[in-house]
Chemist: 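I have a structure I would like to understand better, so I am pasting it below and will then ask my questions one at a time.
Note that this is a predicted model, so its numbers are computed, not measured. Just so we're on the same page: letters track the sequence lines, and every chain starts at 1.
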Amino acid sequence: MSTVRCRIAPSPSGFLHIGTAKMALFNWLFARKTGGTFVLRLEDTDAERTDEAFVQAMCEGFTWLGVDWDEGPAFGDKAAVGELGPYRQSDRKSVHQDAGYKLLKTGHAYRCFCTKEELDAERESAQQEKRRKMKCPCRDLDSGEAENRKDEHHTVRFRVPEGHTEVVDLVQGTVRTDNRELDDFVILKPNGDPIFHLAVVVDDALMQITHVIRGDDHLTNAARHVLLFDALGYDRPQFAHLPMVLDEQGKKFSKRLHGANVLDWRDDGYLPEALINYVALLGWTPAEENRELFTIEELQQAFAPERWSKSAARFDRKKLDWLNGQHIRALNPTVLQGRLVAILEQAGFDVSQKDDAWFATLTEVCQEKLATLNQIIELSDYFFTDITTYEEKPVKKQWQVEGAAELMSQLIACMEGVDLWNRDTLKEAYHALGEATGTGLGKMVHPTRLALTGKSIGPGLFEIAELLGKEVSIARMQQGLAYINSL
RNA sequence: GGCCCCAUCGUCUAGGCUGGUCUAGGACACCGCCCUUUCACGGCGGCGACACGGGUUCAAAUCCCGUUGGGGCUACCA
């Protein structure tokens with residue numbers, strides 16, 4: 001059993017963002033790869049931004065992706081698991097406070113009685129005068145005096161020591177920071193609530209996290225955290241700061257953008273395994289060169305931090321489409337069928353009029369063509385609804401030509417002559433007609449497709465006819481013929 | 001503003017640490033051909049990059065410095 005323990009620590013202030021999902025995924029795959037433990041911790045210390053509805057939404061995202069945790073809070077319909085909880089930061093307040101007071105006692109922290117206004121003013125003038133911010137006078141307050149004033153409105157600040165801090169990072173290398181760049185940051189708010197920095201460090205230490213894998217927006221914070229780990233007497237974990245996910249324009253993936261919510265991808269007909277495969281590739285290169293297609297299990301086998309990328313990557317919808325298509329092709333047909341039926345039903349089609357065998361055939365003829373699950377709708381809507389319009393371009397090309405009506409009549413007669421109706425018998429009949437009249441197959445197929453589907457593209461024509469049945473096919477041919485005559 | 005991180009085809013990347021084997025490899029996208037009743041799938045081929053400027057060196061995509069561009073931190077948010 002590996003000793004690796006890593007975690008995802010989202011703050012439930014919205015849906016599951018694609019960037020958070022990447023971090024969760026890297027932690028999860030790393031834990032699975034090493035046989036370690038993956039912990040979910042909810043960072044809900046900022047009560048104003050937290051909402052139970054967000055907690056639910058985030059849970060739904062994880063559930064859809066199939067990213068499961070070994071330890072975590074009660075979440076959605078899952079019960080709390082793990083010995084090192086509670087796993088909601090809001091339930092750990094006293095632990096954080098204890099750590100804060102311990103720091104106060106050991107002189108690693110001090111009470112600061114400055115007002116927010118004073119601080120803001122100093123920050124601004126320092127900025128304007130291009131000088132380093134002055135240290136807070138409270139830093140040097142006599143500890144006895146500070147103790148006497150402890151009922152006054154104040155914060156607790158960490159006393160950043162002189163010198164340098166080195167963060168050893170698995171992906172960024174060693175990053176050295178001059179401690180003067182790190183202001184004495186607040187660790188306890190006036191109401192006693194812990195600030196993020198204190199809370200993460202205490203929780204990571206107490207939950208025995210060995211690998212802190214998170215976004216590189218925390219790289220600078222890591223120096224503060226290392227200082228806190230040291231001051232509290234905890235062992236430092238290993239760090240890995242991963243680049244964030246960029247949108248297609250190369251900008252930070254905004255929350256407002258479609259696709260920022262991982263569930264957008266579900267709704268658009270993407271497979272979770274495809275999204276996972278794609279996001280994994282966005283910042284990790286398989287050791288096995290020139291390989292891109294992975295199942296979840298293969299990913300869990302192959303995922304290694306030595307090949308994590310340092311530079312940020314854009315989200316490329318086209319490549320996701322391709323990968324999604326690959327995963328659809330790899331899907332068990334029965335499983336695919338179930339998903340397609342669900343989508344058609346959701347789209348409002350009456351799926352009860354077709355039986356299981358019919359859907360199996362539909363799935364078979366569509367599996368090779370789909371890039372997303374949702375494309376099944378445009379690929380098969382004409383099986384469920386009557387034809388009311390025809391695409392303009394193919395009408396011009398196939399029907400507004402000399403002899404179109406006559407050809408349609410011949411094709412109808414041909415269809416009527418087919419007794420045992422299936423793709424092969426109809427194809428044979430068309431071939432026979434073609435040979436008898438000297439007409440190429442294409443010349444017959446395209447007008448037929450237009451009559452049967454109203455479109456110029458779709459699955460194989462004879463497969464479509466088989467699925468439609470003889471009666472409906474002929475009726476649609478006659479409807480097409482009538483349309484031609486009305487032109 | 002200060003500090004930190006990043007920088008190879010349009011996009012994701014290999015190579016960089018251990019300089020020569022890189023006339024820079026793969027994938028997506030795009031274009032062409034083949035397969036084919038359409039589209040897609042599949043096969044074959046094409047287009048296409050070391051951000052810029054200085055060094056170091058016999059030799060630099062690879063090492064160093066600077067510039068530019070992108071991102072982050074600089075909160076009594078996380």
Side-chain angles (χ1 to χ4, degrees), chain A residues 9-13 43-46 48-50 89 112 114-116 119-120 123 126-133 153-157 167 169 171-173 175-178 180-183 185-191 193 195-197 199-200 215-224 241 243-244 246 248 250-252 278 281-286 289-293 307 309-323 325-326 329 366-371 375 379 394 427 430 434 440-450 453 455-462:
Chain A
S11 98
S13 56
E43 307 223 319
D44 56 349
T45 50
D46 188 18
E48 285 179 23
R49 277 168 46 179
T50 301
Q89 224 161 39
C112 169
C114 297
T115 65
K116 197 169 192 312
L119 262 15
D120 288 344
R123 178 166 41 241
Q127 170 98 229
Q128 265 173 15
E129 294 161 30
K130 296 187 176 181
R131 60 173 168 84
R132 207 177 278 284
K133 214 171 9 174
H153 187 90
H154 71 280
T155 60
V156 175
R157 288 181 182 278
V167 174
D169 191 286
V171 343
Q172 308 286 344
V175 180
R176 186 179 157 92
T177 307
D178 185 331
R180 285 179 300 180
E181 298 301 332
L182 274 15
D183 298 324
F185 51 96
V186 172
I187 53 177
L188 252 28
K189 297 183 198 178
N191 67 2
D193 281 356
I195 279 295
F196 160 75
H197 299 298
V200 233
D216 65 6
D217 49 333
H218 284 302
L219 186 55
T220 310
N221 287 335
R224 294 181 235 274
H241 287 93
M244 298 157 90
L246 270 23
E248 307 221 25
K251 294 285 170 199
K252 199 168 78 173
Y278 179 69
L281 253 22
L282 225 49
W284 165 74
T285 312
E289 252 192 277
N290 303 337
R291 165 121 193 254
E292 299 196 294
L293 194 61
R307 304 192 58 95
S309 164
K310 293 182 88 163
S311 49
R314 300 183 189 207
F315 201 96
D316 182 5
R317 170 78 177 261
K318 290 281 183 56
K319 183 135 187 182
L320 206 213
D321 281 351
W322 172 77
L323 257 180
Q326 297 295 315
R329 251 134 259 148
C366 291
Q367 184 159 22
E368 290 297 310
K369 312 181 81 69
L370 296 166
Q375 283 175 356
L379 234 45
K427 192 171 184 177
Y430 264 49
L441 193 59
K443 281 256 183 287
M444 303 187 285
V445 161
H446 298 304
T448 305
R449 174 187 297 283
L450 188 55
T453 70
K455 307 179 186 194
S456 57
I457 62 170
L461 190 260
F462 300 111

Chemist: Check every strand shown and say whether A/Cys366 touches a base, only sugar-phosphate, or nothing at a heavy-atom separation below 4.0 Å.
Modeler: nothing

Chemist: Over all strands shown, is A/Phe462 touching base, sugar-phosphate only, or nothing at heavy-atom distances under 4.0 angstrom?
Modeler: base

Chemist: Categorize A/Gln326 for me: base, sugar-phosphate, or nothing, with a 4.0 angstrom heavy-atom threshold over every strand shown.
Modeler: sugar-phosphate

Chemist: Which is true for A/Asp217 with a 4.0 Å heavy-atom rule: it touches a base, it touches only sugar-phosphate, or it touches nothing?
Modeler: sugar-phosphate

Chemist: Could a donor-acceptor pair under 3.5 angstrom be found where the side chain of A/Lys369 meets the base of B/rC39?
Modeler: yes

Chemist: With rounding to the closest Å, how many angstrom separate the P atoms on B/rU37 and B/rG46?
Modeler: 28 Å

Chemist: Between A/Glu181 and A/Arg132, does any NZ, NE, NH1 or NH2 come within less than 4.0 Å of an OD or OE carboxylate oxygen?
Modeler: yes

Chemist: Considering only NZ, NE, NH1 and NH2 on the basic side and carboxylate oxygens on the acidic side, decide whether A/Lys318 and A/Asp321 come within less than 4.0 Å.
Modeler: no

Chemist: Describe the nucleic acid contact of A/Gln127 in one word from base, sugar-phosphate, nothing, applying a heavy-atom distance below 4.0 Å.
Modeler: base

Chemist: A side-chain contact here means heavy atoms from C-beta on lying under 4.5 Å apart; do A/Lys455 and A/Leu450 qualify?
Modeler: no

Chemist: Report the nucleotide, chosen from B/rC28, B/rU13, B/rU37, that has the shortest atom-to-atom distance to any side-chain atom of A/Leu461.
Modeler: B/rU37

Chemist: Looking at every strand, decide which applies to A/Arg317 at a 4.0 Å heavy-atom threshold: base, sugar-phosphate, or nothing.
Modeler: nothing

Chemist: If each of A/Val445 and A/Cys114 is mapped to the nucleotide of RNA chain B with the nearest heavy atom, which maps nearer the 5' terminus, i.e. the 5' end?
Modeler: A/Val445

Chemist: Could you list the protein-to-nucleotides 5-12 of chain B atom pairs, N/O on both sides, closer than 3.5 Å?
Modeler:
from	atom 1	to	atom 2	distance (Å)
B/rC5	O3'	A/Gln172	OE1	3.3
B/rC5	O2'	A/Gln172	OE1	3.1
B/rC6	OP1	A/Lys310	NZ	2.3
B/rC12	OP1	A/Arg314	N	3.2

Chemist: Can you check the distance between B/rA61 and B/rC52, where both ends of the measurement are the C1' atom (answer in whole Å)?
Modeler: 14 Å

Chemist: Would you mind building the protein contact string for nucleotides 46-51 of chain B? One character per nucleotide, 5' to 3', B for base within reach (heavy atoms under 4.0 Å), S for sugar-phosphate only, - for untouched.
Modeler: ------

Chemist: Where each residue is assigned the nucleotide of RNA chain B containing its nearest heavy atom, which of A/Gln89 and A/Asn290 is assigned the position nearer the 5′ end?
Modeler: A/Asn290

Chemist: Mind checking A/Arg123 for me? I need base, sugar-phosphate or nothing, with any heavy atom below 4.0 Å counting as a touch.
Modeler: sugar-phosphate

Chemist: Touch check for A/His197, heavy atoms < 4.0 angstrom, all strands: base, sugar-phosphate only, or nothing?
Modeler: base

Chemist: When rounded to the nearest 0.5 angstrom, what is the spacing between CD1 in A/Ile195 and OG1 in A/Thr155?
Modeler: 9.0 Å

